[in-house]
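In what follows, a single structure is set out as structure tokens and then discussed.
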Amino acid sequence: MKYWLAKTEPNTYSWQDLLNEPDKTTSWEGVRNYQVRNAIRDEIKKDDLVFIYHSVVQPMAIMGIAKVVKEAYPDHFAFDPTHKYYDPKSSPDDPTWFMFDIKAMQQFAEPVTLTELKSYAPLQRMGLLQKGNRLSVQRVSPVEWQYIMASRKLINIK
DNA sequence: GCCAACGTTGGC
DNA sequence: GCCAACGTTGGC
């Protein structure tokens, strides 16, 4: 099993939006970066765990944990000319872009802020903290994952 | 609001 | 194939 971190701008789609979904489950579409596409298509597997991170808006922080419930499948939003995620390069016969589904599992009692993450010596090499890192879905090492998990009380979502 | 970092596009 | 121009991301 692998660990991941997915960024989202809460003004567009927030952790609370995920909690409000039927079965706390949503599709993660709209990735239009090839490096992230390759990770989604080739590496993300069912039952992998994902930190959901709020970017741009204060407080920038990891909000909670989701589980991959469906592996990569074609991002059909790329096929719709009226949709903002439309990309004429991608076709149903030969899709360029992929999406996957996640379900919210646990929430941190308090968000784990970017400022706090930066203050932890064991996390200095974490992808999120590297200058210029713009990958919207990225790997988290097991050590980093466990360290962050141990920093907070977790609330199970029912 | 600014701007550094980075990815993509398109002319040559 | 190079690279300037442009667009986007995302922290400050």
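These numbers were taken from a predicted model, which means no experiment stands behind them. Naming: A, B, ... by sequence-line order, numbering from 1 per chain.
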Review item, nucleotides 7-10 of chain B N/O atoms under 3.5 Å of protein N/O:
unit_1	atom_1	unit_2	atom_2	d
B/dG7	O4'	A/Arg134	NH2	3.3

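What separates CG of A/Leu117 from P of C/dG11 is a distance of 11 Å, to the nearest Å.
The aromatic rings of A/Trp97 and A/Tyr34 sit tilted relative to each other, their planes meeting at an angle between 30° and 60°. Ring pair A/His83/A/Phe77 is tilted by interplanar angle, where 30° to 60° counts as tilted. By the 30° and 60° cut-offs, the orientation of the rings of A/Trp28 relative to A/Phe100 is tilted.
Contact check of residues 49-65 of chain A against DNA chain B (heavy atom, cut-off under 4.0 Å) returns no residues at all.
Checked by atom type, the side-chain pair A/Ser14/A/Asp17 shows a donor-acceptor distance below 3.5 Å.
Summarising the local packing, CD of A/Gln35 is surrounded by 12 or fewer heavy atoms from other residues, nucleotides or ligands at distances under 6.0 Å. Under a cut-off of 6.0 angstrom, the local environment of CD in A/Glu110 is sparse, with at most 12 non-hydrogen atoms contributed by other residues, nucleotides or ligands.
Salt-bridge check for A/Arg32 with A/Asp75: passed, with a basic side-chain N closer than 4.0 Å to an acidic carboxylate O.
Hydrophobic clustering (side-chain heavy atoms under 4.5 Å, transitive across Ile, Leu, Val, Met, Phe, Trp, Tyr) keeps A/Phe51 apart from A/Trp4.
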